[in-house]
2 protein chains.
Amino acid sequence: MDPIKQFNEYVSRKGLKNTNQRMIILETFLASESHFSTEELYLKLREEYPKIGYATVHRTLKLFAECGIAAERNFGDGQTRFEPVHGEEHHDHLVCTSCGLIIEFEEPQIEKLQESVAATHQFTIENHRLELYGLCAACAAADQ
Amino acid sequence: MDPIKQFNEYVSRKGLKNTNQRMIILETFLASESHFSTEELYLKLREEYPKIGYATVHRTLKLFAECGIAAERNFGDGQTRFEPVHGEEHHDHLVCTSCGLIIEFEEPQIEKLQESVAATHQFTIENHRLELYGLCAACAAADQ
DNA sequence: CTAGAAAATGAAAACGATTTTCAGAAGCTA
DNA sequence: TAGCTTCTGAAAATCGTTTTCATTTTCTAG
């Protein structure tokens with residue numbers, strides 16, 4: 001579903017209000033490359049809309065996560081990042097510890113194995129996180 | 001290797017000093033079930049050794065991580081946790097989102113698939129994290 | 001065994017990211 | 001359009017973590 005529509009539906013279902021700021025933040029969030037921290041998105045927005053406050057950006061990102069159009073991620077650098085959710089596909093991440101590059105990947109076989117591990121322990125999986133940390137090709141080459 | 005020996009060697013190699021507090025913290029850390037946050041370990045220690053400060057517990061846990069007898073983990077509840085490292089085996093975690101239960105598991109096949117994903121992207125893996133979040137058997141049953 | 005340099009301790013303050021507060025502004029419903 | 005509710009932005013509060021600093025402890029060298 002169109003994320004803007006999805007957001008509007010969520011807002012009206014919850015009795016919330018639709019504001020200019022929220023639309024601006026949503027557009028910027030969707031238009032740009034993923035994995036924004038609150039700080040990064042705030043700084044980007046400020047270039048064009050200097051009146052938008054940090055708290056509003058933060059609250060709005062939380063709201064996006066709540067209504068399912070954003071996912072919260074944490075790659076261990078002490079900052080929470082948000083990425084747009086497209087459809088239902090799930091993906092995990094390769095994170096370059098040198099340059100910070102983030103690559104997304106999908107591997108259904110890993111997901112299957114996760115299910116079997118969970119079953120072994122009578123666990124019901126709700127969600128998971130898998131991150132592979134290391135060096136991207138460029139950084140590995142530069143390392144020589 | 002014996003963690004206490006390993007710690008002592010690290011300390012003398014780095015020109016650090018061996019103190020009562022560090023030994024007390026190490027013993028308590030090793031003796032108890034894993035996955036302590038600084039706060040939790042501090043509170044536990046305080047029962048018997050009320051003079052030990054929070055900062056000391058924190059610095060000591062960091063030191064354990066540095067010398068390889070503890071691993072830092074983050075399960076998304078905003079607290080860093082430490083667990084004793086036993087030998088070389090690697091493991092991942094099942095985390096119950098209801099009661100907080102943490103189960104460790106190993107799945108070599110998943111590790112292999114991770115390597116192949118990394119290779120596809122010319123990535124060199126240094127480490128990874130895999131956590132499966134959901135309900136343990138008890139909580140799933142209680143949920144009915 | 002002891003003096004003295006170096007490191008460790010504990011309490012409190014600083015820190016950085018996130019969250020909350022609050023008064024005024026804006027959105028929505030009747 | 002009135003009036004209730006939510007939202008906004010700035011600032012303050014919060015939470016976990018880290019640092020500071022005066023004092024104490026460890027340990028080496030004499």
Side-chain angles (χ1 to χ4, degrees), chain A residues 4 7-26 28-29 35-67 70-82 100, chain B residues 7-29 35-67 70-82 100:
Chain A
I4 296 178
F7 180 69
N8 286 335
E9 278 180 19
Y10 183 83
V11 160
S12 67
R13 180 153 40 86
K14 288 276 187 173
L16 306 178
K17 291 174 180 174
N18 211 336
T19 66
N20 282 336
Q21 287 92 328
R22 286 177 176 175
M23 278 301 118
I24 290 167
I25 295 170
L26 180 52
T28 307
F29 176 65
H35 307 111
F36 271 122
S37 65
T38 301
E39 176 85 16
E40 286 164 357
L41 186 53
Y42 167 66
L43 290 175
K44 179 163 187 86
L45 284 160
R46 205 172 56 171
E47 293 168 12
E48 219 177 325
Y49 309 94
K51 302 281 254 333
I52 293 186
Y54 184 97
T56 300
V57 176
H58 176 263
R59 281 183 288 225
T60 305
L61 283 171
K62 284 290 203 188
L63 189 57
F64 292 170
E66 230 178 271
C67 74
E72 287 186 53
R73 300 280 183 179
N74 191 311
F75 297 121
D77 64 347
Q79 290 207 290
T80 302
R81 288 171 193 285
F82 295 83
Chain B
F7 181 68
N8 286 334
E9 279 180 17
Y10 183 83
V11 159
S12 66
R13 180 153 42 84
K14 288 275 188 174
L16 307 177
K17 291 173 181 174
N18 211 335
T19 65
N20 282 335
Q21 287 91 330
R22 284 178 177 175
M23 278 302 117
I24 289 167
I25 295 170
L26 181 51
E27 275 162 27
T28 308
F29 176 64
H35 307 112
F36 271 123
S37 66
T38 300
E39 176 85 15
E40 286 163 358
L41 186 53
Y42 167 67
L43 291 175
K44 179 165 188 83
L45 284 161
R46 205 171 57 171
E47 293 167 12
E48 219 176 324
Y49 309 95
K51 302 282 255 330
I52 293 186
Y54 185 97
T56 300
V57 176
H58 176 262
R59 280 183 290 226
T60 304
L61 282 171
K62 284 290 202 187
L63 190 56
F64 292 169
E66 230 177 272
C67 73
E72 287 185 53
R73 302 278 183 179
N74 191 310
F75 297 121
D77 64 347
Q79 289 206 292
T80 303
R81 288 171 192 286
F82 295 82

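Quantities reported herein were computed from a predicted structural model and do not represent experimental measurements. All chains are named by letter (A, B, ...) in the order of the sequence lines, taking the proteins before the strands, and each is independently numbered beginning at 1.
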- Item | Bend angle of the helix from dC1(C)-dG30(D) to dA30(C)-dT1(D), end axes from five pairs each (to 10°) | 30°
- Message: If the condition is side-chain contact (heavy atoms from CB on, under 4.5 Å), which residues does Gln79(A) pass it with, not counting sequence neighbours?
- Response: Ser37(A), Glu39(A), Asp77(A), Arg81(A)
- What is the per-nucleotide protein-contact pattern of nucleotides 22-30 of chain C, from the 5' end, where B denotes a base atom under 4.0 Å from a protein heavy atom, S denotes such proximity for sugar-phosphate atoms only, and - denotes neither? -----BS--
- Item | Taking every non-hydrogen atom, the tightest pair across Phe36(B) and Thr28(B) | CE1-O, 4.4 Å
- Query: Just how far, in rounded Å, is C1' of dA17(C) from CG of Asn74(B)?
  - Reply: 13 Å
- Item | Stretch residues 39-55 of chain B: residues that reach within less than 4.0 Å of DNA chain D through a heavy atom | Tyr54(B), Ala55(B)
- Task: Rounded off to whole Å, could you give me the CD-to-P distance for the Glu66(A) and dT19(C) pair?
- Result: 12 Å
- Among all residues two or more places apart in sequence or in another chain, which pass the salt bridge (Lys or Arg N to Asp or Glu O under 4.0 Å) test with Glu27(B)? none
- In chain order, what residues pass the salt bridge (Lys or Arg N to Asp or Glu O under 4.0 Å) check against Glu72(A), with sequence neighbours excluded? Lys62(A)
- Query: Among all residues two or more places apart in sequence or in another chain, which pass the ring pair (Phe, Tyr, Trp, His ring centres under 6.0 Å) test with Phe29(A)?
  - Reply: Phe64(A)
Under 3.5 Å, which donor-acceptor pairs do the side chains of residues 10-26 of chain A form with other protein atoms, sequence neighbours left out?
residue	atom	partner	partner atom	Å
Tyr10(A)	OH	Glu66(A)	OE2	2.6
Ser12(A)	OG	Asn8(A)	O	3.4
Ser12(A)	OG	Glu9(A)	O	3.2
Asn18(A)	ND2	Asn8(A)	OD1	2.6
Thr19(A)	OG1	Arg22(A)	N	3.2
Arg22(A)	NH1	Lys17(A)	O	2.7

- With sequence neighbours left out, write down each residue that passes side chain to side chain donor-acceptor pair (under 3.5 Å) with Asn74(A), or none if nothing qualifies. none
- Query: How would you label the contact of Thr80(A) with the nucleic acid (heavy atoms, under 4.0 Å): base, sugar-phosphate, or nothing?
  - Reply: sugar-phosphate
- Along DNA chain D, 5' to 3', what are the outermost nucleotides having an atom less than 4.0 Å from a heavy atom of chain A? dT5(D) to dA10(D)
- How long is the span from the OG1 atom in Thr60(B) to the CZ atom in Phe7(B), to the nearest 0.5 Å? 7.0 Å
- Message: Restricting to salt bridge (Lys or Arg N to Asp or Glu O under 4.0 Å), what partner residues turn up for Arg73(A), sequence neighbours left out?
- Response: Glu83(A)
Atom pairs and distances, donor-acceptor, side-chain atoms in residues 45-54 of chain B, under 3.5 Å, two or more places apart:
none

